[in-house]
A.B. asks: 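A single structure is presented below for examination.
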Amino acid sequence: MDETIINQLKSIVPDGVLHSTEDLAVYSYDGTFAEYRPDVVVLPRTTEQVSRVVALAACERIPIVTRGMASGLAAASVPFGGGIALTTTRLNRILEIDEVNRTTWVEAGVVTADLQTEVEKLGLFYPPDPSSIRHSTIGGNIACNAGGPRCLKYGVTGDYVMGLTVVLGDGRILKSGGKLIKDVVGYDLNALFTGSEGTLGVITEALLRLVAKPKYTRTARAEFPSLADASRTVNAILSAGIVPATLELMDETAIACIEEAMHLGLPLDVEAMLLIETDGSDEDAVVREIEAIAKICRETGVRQVKVAQDEAERASLWKARRSVSPSLARKAPNKLGEDITVPRSAIPEAVRRIKDISARYGLPIVVFGHAGDGNLHPNILFDKRDPEQWAKIEPMVGEIFDTALALEGTLSGEHGVGTLKRPYMQRAMGDVSLEMQKRIKQVLDPLDILNPGKVFPA
Ligand SMILES: Cc1cc2nc3c(=O)[nH]c(=O)nc-3n(C[C@H](O)[C@H](O)[C@H](O)COP(=O)(O)OP(=O)(O)OC[C@H]3O[C@@H](n4cnc5c(N)ncnc54)[C@H](O)[C@@H]3O)c2cc1C
C-alpha cells in the first residue's frame, strides 16, 4: 500500500497500524480455510478514529474489511480484495451496565464471554452464547446475528440489540435505537445492521438488552443407540410443550473426536447424544422439566439419561459441546462446517439425507448443532491436499444446501453468507428479495468499499 496512505492512517491511529509481512499474515484468516492478506491492519480505539479511517478509505476507494476476532465460519472477514483490515479488538470497553433498565452499552470489540461474566456479577444475564463465546466479539456477533445453544429459549443476538453506533461508508456516524422497550418511529435500523456481515457499516458500539440471571439449571446427557431416534426426540420434547434452554445434538463421529481430544468419559458405542439443559427461577419447576424430558427420551429409544450432579459435571458436559469444532481436526486436516436450518419437524429427514450424501461421496460428514432450533452443523471432513477429496467438496456442499432448501430450510442459521455461500444466494432468496438487498447495499455503501465481494453472488 502507498506509503502516504500508511502515514495518514498512522496520523489517525498513532499506535494501531500494522503492515509488516508477518502481521499481515496473521490477519489474513478467519475460522475457515480461506486466506488472503490485507494491505494494512488498523486497530482503532474510538468511534471517531473509525470514522476518520473510513472517510479516508472512501476518499481513496480502499476496501475496508471489519474484523472482530475472526472466528467467523463463512470467510466473511477474509480481505479477498486486500485493503484495510479494520480490527475492533481495542474497542473493548464495557461503557455502562444499567441495572434499572437492564441494558448495557459496550464497544464492538468486547469479547462476548467477558460481557457475560461482568453482567452476571450483578445478577444479570446476556443469553446469546455462540460456542465461540471466548473468542468472538459482540460486534462480530451482531454482524452475523450469532446464535448458540441457549437461543432455543432465549433467542439470538438480534433479539438483544436495542441500539447501535455505526460508522457508514462515507465516515458519518449513525446512532440507532435506545433504551426503549417500545419504539416504532421509522424503520428498524438495528435490525438492518444486524446480520449485515460488515457490508453496510462498521458497528462501533451496541446497546444490549439484559435479563435476570436464571437461578437454577439442570443439565442432562441423553445417549441414543440410534441417530434417527435422537433426532425425533428433539421434536417429541418440544411438542410436549417443554422449552429447554438448550437442546444440542452430537453424532457418533463428533462424540469420538471430542473423547479422543478431551477424555471426558463420553460413550463411544452410541450413534448420538443430546445435551439438554433446563433453567429458571423456580428450582422445582426446573427439576420437573428435566424429569419430564428424561421420561420422553425413555419413550423414544434412549439408552441412558445422565443428569449432572454438580457444577463440575455440568461444566464437563459443556466442555464437550464447546470442543466439538476444534476436536474434529483429529479426524482430518480440513473441515467445512455448514450451518443449515430447517423447520424442526424436518430434522430427522435432514439428518438422514446428510448421512446419505456422506455415504455416496465416501467422505465423513459429522452432524451436530442446535437441533432444538432446527439449526444443524454438517461438517465435511477432508484433506485439501488430496485433489480427489477436494473435488468432492463443492458438489457435497451443493447437495447439503439442496437438502435444506428442499425441506423449506435455508443456507445458514447463524454463520452468515460471507464468501462461501454466495453462489447459492439466488436459489435461497429469489430474484426480488436479492435485488432489494442489493439496492439497500448501494444506498448505504455506494462506493462499495465496505467488505466488498461478500454476501451477494458475483
Ligand atoms: C469453534 C467455533 C464455534 C462457533 N460457534 C458458533 C455458534 O455457536 N453460533 C454462532 O452464531 N457462530 C458460531 N461460530 C462462528 C463465529 O464465532 C460467529 O460468527 C461470531 O459471531 C463471529 O464473531 P467475530 O468477532 O469472530 O467476527 P469475525 O469473524 O471477525 O467477523 C465476522 C463478520 O462480521 C463482520 N464484523 C465483525 N465485527 C464487526 C463490526 N464491529 N461491525 C461490522 N461488521 C463486523 C466481519 O466483517 C465479518 O463479515 C463459531 C466459530 C468457531 C470457530
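Just follow the structure's listing: the first ligand is 1, and inside any ligand the first atom is 1.
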A.B. asks: Does Ser131 come within less than 4.0 Å of ligand 1, judged by its heavy atoms?
C.D. replies: yes
A.B. asks: Give the atom numbers and elements of ligand 1 that come within less than 4.0 Å of a heavy atom of Gly68.
C.D. replies: 25 (O), 28 (P), 30 (O), 37 (C), 38 (N)
A.B. asks: What atoms in ligand 1 come closer than 4.0 Å to a heavy atom of His370?
C.D. replies: 8 (O)
A.B. asks: Which ligand 1 atoms does Gly139 reach within 4.0 Å, using its non-hydrogen atoms?
C.D. replies: 38 (N), 39 (C), 41 (N)
A.B. asks: Where's the contact between Pro130 and ligand 1, heavy-atom distance under 4.0 Å: side chain, backbone, both or neither?
C.D. replies: both
A.B. asks: Quick one: does Gly337 get within less than 4.0 Å of ligand 1, heavy atoms only?
C.D. replies: no
A.B. asks: When you look for heavy atoms under 4.0 Å from ligand 1, do you find them on the side chain of Thr88, its backbone, both, or neither?
C.D. replies: side chain
A.B. asks: Does any N or O in the side chain of Ser176 come within less than 3.5 Å of the main-chain N or O of Gly163, such that one atom is a donor and the other an acceptor?
C.D. replies: no
A.B. asks: Of the side chain and backbone of Asn451, name the one, both, or neither that has a heavy atom under 4.0 Å from an atom of ligand 1.
C.D. replies: side chain
A.B. asks: Give the residue and atom name of whichever protein heavy atom lies nearest to atom 35 (C) of ligand 1, and the separation in Å to one decimal.
C.D. replies: Ala143 CB, 3.5 Å
A.B. asks: Is Ser71 in polar range of ligand 1, meaning some N or O pair under 3.5 Å apart?
C.D. replies: yes
A.B. asks: So, Asp30 and Ser77: side-chain donor and acceptor under 3.5 Å apart, yes or no?
C.D. replies: no
A.B. asks: Which bit of Ala146 is near ligand 1, meaning a heavy atom under 4.0 Å away: side chain, backbone, both or neither?
C.D. replies: both
A.B. asks: Assess, by modelled atom type and distance only, whether the side chains of Glu197 and His415 contain a donor and an acceptor separated by less than 3.5 Å.
C.D. replies: no
A.B. asks: Donor-acceptor pair, Asn451 side chain versus Lys454 backbone, under 3.5 Å?
C.D. replies: no
